[in-house]
Amino acid sequence: MNSDSETPRLHHPPRLVNFPFNPTRLPFFYGTVVMVCGTLGVLASAPGQTVGVSVFTDFLIQAHQLSRSWISFAYLAGTIASAMLITRAGRWYDRFGGRWVSAISAGMLAVVLTGMSYSAVIAESVASILPATYRDHTSFVVLTLGFFAMRFFGQGMLTLSSRNMVLEWFEQRRGMALAFIGISVAFGFSVTPPIFEWLIQRGGWSWAWQTIAVVVAVYAFLAFCFGRSKPEDHGLLPDGPFAKKDRKTHAETLSGRQFTLSEARRTYSFWVFTFSVVMSGLVLTAFSFHVVSIFADGGMSRSQAVAIFVPAACVSVVVEFVGSWLSDFVKLKYLAMVQLVGIVMLSLSLSFLSPGPSVVFVVLGMGLMQGMFGIISGVTWPRFYGRTHLGAISGFSTSIVVAGTAVGPYLFSVSHDRFGSYQAATLLCAVVALMLLAASPRADRPQ
């Protein structure tokens with residue numbers, strides 16, 4: 001069988017599909033429960049996201065006696081490695097469904113977090129049986145493997161399966177479902193760092209990861225009990241009672257041709273939308289990773305740098321709510337253009353950052369970019385290419401996006417080390433975003 005051929009989803013015995021209860025017997029549309037369950041799944045991926053990992057960086061440096069550059073490189077290597085497997089894992093989604101993949105991914109993430117809490121002990125134990133010349137590299141290898149597993153099961157599979165599971169239950173109301181996910185995740189991720197920091201201060205970094213692992217394991221159980229893969233598995237249809245024949249949505253929202261991954265990759269729009277999301281993830285991760293240094297170069301303090309995320313999150317929530325509602329009525333390429341304008345605005349304002357108006361443009365650019373990120377990365381694939389091979393298609397795109405988020409911080413570091421500022425990297429990002437903006441008017445839904 002060729003590598004691009006997709007395996008059809010397994011037909012589970014009825015006792016497994018409807019275990020522990022049959023959603024058709026409930027007096028309401030079960031898609032609302034799936035929407036809540038999927039949202040909790042994306043929130044449960046926080047420990048594997050950069051926003052969650054970054055809180056533990058300084059403690060890992062101290063525990064493993066590694067420099068910040070080596071920790072960053074271990075994170076880069078682990079993230080790139082995870083990106084290479086996400087496409088294959090997306091096919092698992094198509095085969096087994098969102099309920100099973102989400103539950104298993106959360107369970108594995110809980111195991112990995114527990115292992116990472118003992119990473120210093122593991123590294124020391126392995127080093128004790130190796131020749132002295134190899135002992136200095138043991139911690140690097142252990143952390144690289146840990147970061148790989150955290151990124152694969154957290155940012156990769158848990159996020160992908162939880163979001164796609166929700167999108168399978170909604171078609172005409174996909175924008176509404178994404179608005180709920182986006183707003184919940186925006187607020188959830190904004191409080192993740194202080195919550196993780198509180199846990200660390202309360203019981204230490206190892207105890208904090210163990211506590212978070214328990215919470216993620218609880219979600220794995222909830223996903224197994226309340227998650228459901230597709231409405232058709234239960235004799236239901238997407239949107240349920242919310243579906244209206246005369247609802248004036250855009251024609252793009254209606255079911256169309258079911259593409260395979262190989263067919264999707266041959267379309268122009270696939271690459272325009274994929275690289276738009278890649279650039280958004282790259283710039284956002286790089287900016288978050290180096291935010292204190294970037295603001296220091298612009299003559300501002302650490303407190304000013306950290307405070308930038310609050311107003312940006314507020315703008316992002318408004319943009320995502322409005323954009324999600326509009327996504328049911330307009331072509332997606334127009335929303336992608338808004339996202340690219342945000343990337344250009346953020347990149348240029350960082351290139352010439354100083355106290356004053358440029359900070360306002362940082363907030364606006366970041367808000368536009370973040371607000372559209374969830375919409376473009378979520379709605380595009382089921383709308384343009386159908387739900388039959390959704391896991392494989394979204395998984396392949398996600399693998400490229402994850403790789404981009406790993407490259408971003410390193411690209412900015414190279415720019416600063418070589419030229420003494422981040423301007424070369426930020427201007428390069430602005431140029432690439434402008435090129436994508438010029439290409440986006442032709443990025444219509446493939447026929």
Side-chain angles (χ1 to χ4, degrees), residues 7 9-10 12 16 37-53 56 60 74-75 77-119 121-123 141-166 185 188-189 192 196 205-229 391-392 394-396 398-399 401-403 405-406:
T7 307
R9 180 173 298 173
L10 293 177
H12 303 292
L16 295 180
C37 188
T39 301
L40 292 175
V42 179
L43 290 171
S45 74
Q49 305 275 0
T50 302
V51 69
V53 177
F56 292 85
L60 291 176
Y75 190 67
T79 301
I80 293 292
S82 72
M84 296 173 68
L85 289 183
I86 291 176
T87 303
R88 171 59 60 184
R91 293 192 176 97
W92 299 342
Y93 175 90
D94 290 330
R95 184 175 176 83
F96 298 105
R99 173 195 187 183
W100 298 95
V101 176
S102 181
I104 292 171
S105 298
M108 290 303 299
L109 179 59
V111 172
V112 172
L113 291 172
T114 303
M116 284 293 282
S117 72
Y118 294 104
S119 59
V121 176
I122 294 172
V141 174
V142 169
L143 288 177
T144 299
L145 293 174
F147 286 143
F148 157 75
M150 289 176 69
R151 301 291 275 169
F152 178 74
F153 291 112
Q155 185 191 25
M157 284 312 301
L158 184 53
T159 303
L160 181 148
S161 59
S162 299
R163 182 183 285 121
N164 283 352
M165 180 169 62
V166 176
V185 170
F189 278 12
T192 291
F196 286 7
W205 66 274
S206 294
W207 180 83
W209 255 333
Q210 292 162 16
T211 304
I212 296 166
V214 172
V215 176
V216 176
V218 169
Y219 169 74
F221 176 75
L222 294 176
F224 174 74
C225 291
F226 297 103
R228 293 295 185 273
S229 297
S394 61
F396 180 75
T398 300
S399 67
V401 174
V402 171
T405 62

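Between L85 and F148 there is a side-chain heavy-atom pair separated by less than 4.5 Å. Side-chain contact check for S105 versus W92: every heavy-atom pair is 4.5 Å or farther apart. Annotation: side chain of S102 is in contact with side chain of L158 (closest heavy-atom distance under 4.5 Å). Looking only at side-chain heavy atoms (C-beta outward), F152 and V112 stay at 4.5 Å or farther from each other.
One finds the CD1 atom of I212 at 9.5 Å from the CG atom of L109 (value rounded to the nearest 0.5 Å). Between atom OG1 of residue T398 and atom CG of residue L160 there is a gap of 4.5 Å, rounded to the nearest 0.5 Å.
Put simply, the side chain of S45 gets close to the backbone of V42: a donor and an acceptor are under 3.5 Å apart. The closest donor-acceptor contact from the side chain of Y118 to the backbone of S206 lies at 3.5 Å or more, if one exists at all. Between the side chain of Y93 and the backbone N or O of M157, no donor-acceptor pair lies under 3.5 Å.
Under the 3.5 Å distance criterion, with hydrogens and angles disregarded, a donor-acceptor pair is assigned to the side chains of T159 and Q49.
Taking all atoms of both residues into account, the shortest heavy-atom contact from L143 to A74 is CB-CB, 4.4 Å.
Between F56 and the choices W205, Y75, W209, the ring-ring contact (aromatic ring centres under 6.0 Å, His included) rule is met once, by W209.
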